[in-house]
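Just so it is clear: chains get the letters A, B, ... in the order the sequence lines come, proteins before strands, and each one is counted from 1. Scope of the values below: all heavy atoms of this structure, side chains included, with no hydrogens, waters or symmetry mates.
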2 protein chains.
Amino acid sequence: MIRSAAVLFRERGVYGTSLSDVVAHSEAPRGSIYHWFPGGKAQLAEEATRYAGEFIAAGIAAALEQDDPVAAVRAFAALWREILRDSDFSAGCPIVSATLEGDRTPAARDAAGAAFARWQELLADAFRSRGVTPARAESLSTLVVAAVEGAIVLSRAQRSSAPLERVAGELESIVADAAFHAPARTSAAESIIR
Amino acid sequence: MIRSAAVLFRERGVYGTSLSDVVAHSEAPRGSIYHWFPGGKAQLAEEATRYAGEFIAAGIAAALEQDDPVAAVRAFAALWREILRDSDFSAGCPIVSATLEGDRTPAARDAAGAAFARWQELLADAFRSRGVTPARAESLSTLVVAAVEGAIVLSRAQRSSAPLERVAGELESIVADAAFHAPARTSAAESIIR
DNA sequence: GTCTATACGAAGATAGAC
DNA sequence: GTCTATCTTCGTATAGAC
């Protein structure tokens, strides 16, 4: 049910998703919403946001296990590219939805803030362990998260994965430079520079 | 009325804003909504999105007149920093709202896509005229737009302008490097590198 | 052009039976 | 725990008077 909510929030946002939608999508018993979520929709939104945030954080952590920050950035972008393609550019990031509609559900917005912070810290850790200074690791990891999230929005608006591809290419080369690491350079931005 | 809609969309999104809200905020005659907007809310959303997109594009164009891309990026970020601060982090970018809720209002989503494309092209033009190759100007300008928009979301979620500040600093130094231009370097990222 | 009144539907939440 | 039925509120949109 929480998973269904997260999936639906990706496409339609929090307001755009009714509790009936969630019940229908999850095939859960209709009468049990308020049994499991006494706080109603606000509680469901908060838990779905937290769930989605942790899910993606786990993906980032897994991608970082190869100890290659550039590959992790590439994997992060690739994850979203797939989601965009599979949904015909109608699905985005549920955490962004929770943020934008967060004035009415502060708990969900706070969960969104925590999720972004977690992703960014995971990346910052990886950068630091590659010799990047702490302050720079902080700003660079924030750039990566912000740019990818923004690129998803641009791609949805233009119904094209081109913005995400371009941003991913730029990020890969920026991270490669910062982390004093030169992996196989296949990104568009890199080939242009040469 | 269009202006009011854009202002409200920034804070509450398209779904979160009712036509009554728009009437109340704009102090326009209640009975005339469907006279001026026969297409109803969808039409209002589309025109508000277009209006906001052009408004911001004009700001970018003005900032670019000094022929200093770095300063333009700084001005772009500063614009949003003010909006965030003045609204206590409850206002964001109306174009993003139109994008996320665009499945129900395709016209507004298309206007959002056009707005992003316009901003990006303005920046790309400036980069090209500073000697950046066309392809790289394209990806770099996309990065700037995406990163700033994403940073606005992060700042709203965390109710802090720190993410926007960090991203702006990174972008300024990236753009400075790419445009073969070394203005007074005051950004955090640059001072860390030294 | 602008008004009031209202139709119509949707959504969140609750009540009480089983 | 889960069901059905219902209450209430709210939002879009329309109708028809002025």
Item to check | Verdict with reasoning, Thr99(A) to Arg156(B), per side chain to side chain contact (heavy atoms under 4.5 Å, CB included) | outcome: CA-CA 7 Å; Thr99(A) 301; Arg156(B) 287 180 74 181; 3.8 Å; yes

Checklist entry - Heavy atoms, side chains only, cut-off 4.5 Å: are Phe76(B) and Leu171(B) in contact? => result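 A side-chain contact under 4.5 Å is absent here.
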
Checklist entry - With a 4.5 Å heavy-atom cut-off, do Arg136(B) and Glu170(A) have their side chains touching? => result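 SC-SC contact between Arg136(B) and Glu170(A) confirmed.
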
Checklist entry - Measuring from Leu123(B):CG to Glu138(B):CD, what's the distance to the nearest 0.5 Å? => result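 So the gap between those two atoms works out to 11.0 Å.
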
Next on the checklist: As an exercise, state the distance from CG of Leu19(A) to CZ of Phe37(A), rounded to the nearest 0.5 Å.
Outcome noted: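 Between atom CG of Leu19(A) and atom CZ of Phe37(A) there are 10.0 Å.
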
Next on the checklist: What is the first contacted nucleotide of DNA chain D and what is the last, in 5' to 3' order, if contact means an atom lying under 4.0 angstrom from a heavy atom of chain A?
Outcome noted: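 First and last nucleotides in contact are dG1(D) to dC3(D).
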
Next on the checklist: Using a strict threshold of under 4.0 Å (side-chain N to carboxylate O), is an ion pair present between Glu54(A) and Arg50(A)?
Outcome noted: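 Salt bridge: no.
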
Next on the checklist: For Arg81(B), is there an ion pair with Glu165(B) - N to carboxylate O distance below 4.0 angstrom?
Outcome noted: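 Between Arg81(B) and Glu165(B) there is a salt bridge, with a charged N closer than 4.0 Å to a carboxylate O.
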
For DNA chain D, what residues of [range] have any heavy atom nearer than 4.0 Å?
range: residues 4-31 of chain A; value: Pro29(A), Arg30(A), Gly31(A)
range: residues 94-106 of chain A; value: none
range: residues 35-43 of chain A; value: His35(A), Trp36(A)

Next on the checklist: Apply salt bridge (charged side-chain N to carboxylate O under 4.0 Å, His left out) to residues Glu121(A) and Arg128(A) and explain how you reach the verdict.
Outcome noted: CA-CA 10 Å; Glu121(A) 270 309 310; Arg128(A) 278 192 291 268; 3.4 Å; yes

Item to check | Partner residues of Phe116(B) under the ring pair (Phe, Tyr, Trp, His ring centres under 6.0 Å) criterion, sequence neighbours left out | outcome: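 Partners of Phe116(B) by the ring pair (Phe, Tyr, Trp, His ring centres under 6.0 Å) criterion, ordered by chain and then number, come out as Trp119(B).
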
Can you give me every donor-acceptor pair (side chain of residues 6-16 of chain B, partner residue at least two apart or in another chain, under 3.5 Å) with its distance?
residue  : atom : partner   : partner atom : Å
Arg12(B) : NH1  : Asp21(B)  : OD2          : 3.2
Tyr15(B) : OH   : Arg104(B) : NE           : 3.2

Next on the checklist: Any donor-acceptor pair under 3.5 Å linking the side-chain atoms of Arg166(B) with those of Thr142(A)?
Outcome noted: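 Yes, a side-chain donor-acceptor pair sits under 3.5 Å.
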
Checklist entry - Could you walk me through whether Asp88(A) and Arg159(A) pass the side chain to side chain contact (heavy atoms under 4.5 Å, CB included) check? => result CA-CA 8 Å; Asp88(A) 193 31; Arg159(A) 298 182 65 74; 2.9 Å; yes

